[in-house]
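Single-structure report; data block below.
All values below come from the heavy atoms of this structure, side chains included, with hydrogens, waters and symmetry mates left out.
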Amino acid sequence: MIYLDNAATSWPKPEEVYLEVDRVLRNCGNPGRGGHRMSLEAGRVIFEARQEIASLFNVKDPMRIVFTSNTTEALNIALKGALKEGDHVITSSMEHNSVARPLNRLKEEGVEVTIVKGNEEGKIDPDDIKKAVKRNTKMIAITHASNVTGTIMPIEEIGNIAREMNLIFLVDAAQTAGILPIDVERYNISLLAFPGHKGLYGPQGTGGLYVREGIELITLKEGGTGSRSELTSQPDLMPDKFESGTLNTPGIAGLKEGVKFVKRIGINSIREHELKLTKLMLEGLRKIKKVKVYGPQDLKDRVGVISITIENRDVGEASYILDREFDIAARAGLHCAPLAHSTIGTLKTGTLRFGIGYFNTEEEVIKAIEAIKAIAQD
């Protein structure tokens with residue numbers, strides 16, 4: 001199969017990811033829950049993973065990296081942990097439901113939410129963010145890149161606004177971790193939510209949250225941490241405060257190797273390869289008469305996420321044909337991002353989305369273009 005659904009989860013994984021998951025499953029115990037060597041080895045693996053991720057994002061203290069089951073959990077910890085009744089948060093119309101739904105819940109609890117609207121390419125103007133700041137504004141919560149249009153948001157400029165206004169800056173890196181350079185110091189990021197299973201090439205069920213020192217969050221869950229066990233209250237030390245229960249050690253071990261792979265190849269090389277394929281696909285799709293392509297015209301303003309519609313074709317049907325007749329995996333629908341689809345005018349129809357990854361080839365992209373051409377002309 002030609003796999004073009006990397007925006008949902010990356011596939012395949014580097015071989016070392018598969019090998020490390022298997023090794024840890026066979027040889028490791030529960031991290032932090034014993035003094036025997038299997039438990040200690042698990043703890044070593046977890047700590048090494050924190051170190052690898054911290055260095056990738058320019059995080060000075062690896063203990064500020066909290067492991068979660070996915071980006072959604074990380075975003076819930078960040079949003080529900082930081083915001084309370086009377087607070088105001090600014091977000092965008094290009095957000096995934098993993099931001100929109102927690103904020104909708106927080107609105108019911110007295111949190112005020114302002115949604116800054118993107119343009120037809122999904123771009124957000126930092127000036128509109130600045131204009132939305134009020135006396136009670138506490139946070140700016142923005143996706144780094146749209147999972148619908150691939151639009152890259154100006155997070156450095158928005159981070160500067162957050163610094164100037166002394167606001168918490170939460171970035172959703174679901175589509176950019178391992179794909180674009182992310183420097184939490186340069187971009188003034190207070191909270192960074194990231195997936196393990198997409199651009200970092202770890203297994204599903206992995207993700208994390210960077211919490212800047214000085215940012216206080218209420219816990220989303222409490223329980224056993226393997227530390228300060230004499231207390232019935234949650235320990236305040238990082239990252240234990242947010243990591244109650246047994247961690248997904250095999251998954252985190254695989255994530256560790258995925259991050260090492262990204263570093264070895266280099267984010268700039270990964271970006272260059274994905275941009276080359278994205279350019280090829282965009283040029284091919286734009287030549288097909290009945291196909292409409294969404295997102296930025298300028299290649300440098302997008303990641304390898306491409307959404308299209310086909311005149312007189314249901315996107316779900318097109319996805320089915322791609323799968324059954326052409327052995328191509330793509331995703332049709334609203335992609336858990338109704339705000340983004342409202343912004344670009346596709347809420348009623350949805351789009352057919354292609355997610356390009358490092359392991360894709362020019363030959364695969366050309367075959368996908370030919371398949372869409374055949375479906376559009378049928």
- Message: Quick check on Glu109: does its CD atom have over 12 non-hydrogen neighbours (other residues, nucleotides or ligands) under 6.0 Å away?
- Response: yes

- Query: Heavy-atom count around Arg228 CZ within 6.0 Å, excluding the residue itself: above 12?
  - Reply: no

- Query: Is the distance between the ring centroids of His335 and His341 less than 6.0 Å?
  - Reply: yes

- Message: Val113 vs Asn104, test: side-chain contact (heavy atoms from CB on, under 4.5 Å). Steps then yes/no.
- Response: CA-CA 8 Å; Val113 179; Asn104 194 52; over 6 Å; no

- Is Ser10 reaching over with its side chain to a backbone N or O of Lys198, donor-acceptor style, under 3.5 angstrom? yes

- Hey, which of Glu370, Glu363, Glu364 is the one that makes salt bridge (charged side-chain N to carboxylate O under 4.0 Å, His left out) with Lys367? Glu363

- Message: Quick one, Asp22 with Arg26, criterion salt bridge (charged side-chain N to carboxylate O under 4.0 Å, His left out). Give me CA distance, side-chain angles, the key distance, then yes/no.
- Response: CA-CA 6 Å; Asp22 184 71; Arg26 295 177 189 278; 2.8 Å; yes

- Item | Neighbour count above 12 (heavy atom, 6.0 Å) for Tyr18 OH | yes

- Message: Does Asp298, at its CG atom, have more than 12 non-hydrogen atoms belonging to other residues, nucleotides or ligands within less than 6.0 Å?
- Response: yes

- Quick one: do Glu185 and Lys60 satisfy side-chain contact (heavy atoms from CB on, under 4.5 Å)? Show the steps, please. CA-CA 9 Å; Glu185 295 298 326; Lys60 293 172 184 174; 4.2 Å; yes

- Item | Arg302 side chain to Pro296 backbone, donor-acceptor under 3.5 Å | yes

- Query: When you look at Glu243 and Arg50, which way does the salt bridge (charged side-chain N to carboxylate O under 4.0 Å, His left out) test go after all the steps?
  - Reply: CA-CA 13 Å; Glu243 288 185 350; Arg50 286 192 217 280; 2.8 Å; yes

- Message: What verdict does the side-chain contact (heavy atoms from CB on, under 4.5 Å) test give for Lys117 and Ser93, after you've listed the backbone C-alpha separation in whole Å, the side-chain angles of each residue and the deciding distance to 0.1 Å?
- Response: CA-CA 5 Å; Lys117 192 164 174 34; Ser93 69; 4.0 Å; yes

- Query: So which heavy atom on Ser39 is nearest to which on Arg33, and how close?
  - Reply: OG-N, 3.6 Å

- Whether Asn136 side chain and Gly86 backbone form a donor-acceptor pair below 3.5 Å: yes

- Item | Phe359: which of Trp11, Phe261, Tyr3 passes ring-ring contact (aromatic ring centres under 6.0 Å, His included) | Phe261

- Would Asp87 and Lys84 pass as an ion pair if we require N to O under 4.0 Å? yes

- Query: Just checking, is any N or O donor in the side chain of Ser55 or Lys263 under 3.5 Å from an acceptor N or O on the other one?
  - Reply: yes

- Item | Donor-acceptor pair, side chain of Asn97 and main chain of Ala100, under 3.5 angstrom | no

- Message: For Lys260 and Glu48: C-alpha separation, side-chain torsions, deciding distance, then whether salt bridge (charged side-chain N to carboxylate O under 4.0 Å, His left out) applies.
- Response: CA-CA 11 Å; Lys260 285 182 178 180; Glu48 187 183 344; 2.7 Å; yes

- Query: Can any side-chain N or O of Arg353 pair as donor or acceptor with the backbone N or O of Asn147 at less than 3.5 Å?
  - Reply: yes

- Query: Between the side chains of Glu274 and Thr278, does any donor sit under 3.5 Å from an acceptor?
  - Reply: no

- Chi angles and distances behind the salt bridge (charged side-chain N to carboxylate O under 4.0 Å, His left out) call for Lys276, Glu272: CA-CA 6 Å; Lys276 181 176 72 174; Glu272 185 181 343; over 6 Å; no

- Item | Taking every non-hydrogen atom, the tightest pair across Pro154 and Ile124 | CG-O, 3.6 Å

- Task: Go through the steps for Arg212 and Asn188 under the test side chain to side chain donor-acceptor pair (under 3.5 Å), then give the verdict.
- Result: CA-CA 10 Å; Arg212 171 167 283 182; Asn188 188 46; 3.0 Å; yes

- Message: Could you check whether any side-chain N or O of Glu95 sits under 3.5 Å from a backbone N or O of Thr143, counting only pairs where one atom can act as donor and the other as acceptor?
- Response: yes

- Message: Test your reading of the model: is there a side-chain donor-acceptor pair from Lys13 to the backbone of Gly202, 3.5 Å cut-off?
- Response: yes

- Item | Under 3.5 Å side-chain donor-acceptor pair for Asn27 and Arg37 | no

- Item | Other residues, nucleotides, ligands: >12 heavy atoms within 6.0 Å of Arg286 CZ | yes

- Query: Can any side-chain N or O of Ser92 pair as donor or acceptor with the backbone N or O of Val116 at less than 3.5 Å?
  - Reply: no

- Phe194-Phe57 aromatic ring centre distance below 6.0 Å: yes

- Item | Where Met153 and Gly122 come nearest, the two heavy atoms and their spacing | CE-O, 3.2 Å

- Query: So does Lys138 have more than 12 non-hydrogen atoms from other groups sitting under 6.0 Å from NZ?
  - Reply: yes

- Message: Could you tell me if Thr151 and Ser146 have a donor-acceptor pair between their side chains, going purely by distance under 3.5 Å?
- Response: no

- Query: Are His88 and Thr114 close enough that a side-chain donor and a side-chain acceptor fall under 3.5 Å?
  - Reply: yes

- Run the side-chain contact (heavy atoms from CB on, under 4.5 Å) check on Ile129 and Ile142 step by step: do they pass? CA-CA 10 Å; Ile129 298 280; Ile142 294 285; 3.9 Å; yes

- Nearest heavy-atom pair of Val148 and Ala337: which atoms, and what distance? CG2-CB, 3.7 Å

- Query: Between the main-chain N or O of His197 and the side-chain N or O of Thr9, is there a donor-acceptor pair closer than 3.5 Å?
  - Reply: yes

- Going by atom types only, do Ser244 and Gln234 share a side-chain donor-acceptor pair under 3.5 Å? yes

- CG/Asp128 to NZ/Lys130 distance, rounded to the nearest 0.5 angstrom? 12.5 Å

- Task: Return yes if a side-chain donor-acceptor contact under 3.5 Å exists between Asn119 and Lys123, otherwise no.
- Result: no

- Query: Under a 4.0 Å N-O cut-off, is there an ion pair linking Glu16 with Arg264?
  - Reply: yes

- Look only at the side chain of Ser98 and the backbone of Thr72, and say whether a donor-acceptor pair between them is shorter than 3.5 Å. no

- Looking only at heavy atoms, what is the nearest atom pair of Met139 and Ala78, with distance? CE-O, 3.9 Å

- Residue pair Tyr294 / Thr309, side-chain donor-acceptor N/O under 3.5 Å: yes

- Query: Between Ser227 and Asp240, do the side chains contain an N or O donor and an N or O acceptor separated by less than 3.5 Å?
  - Reply: yes

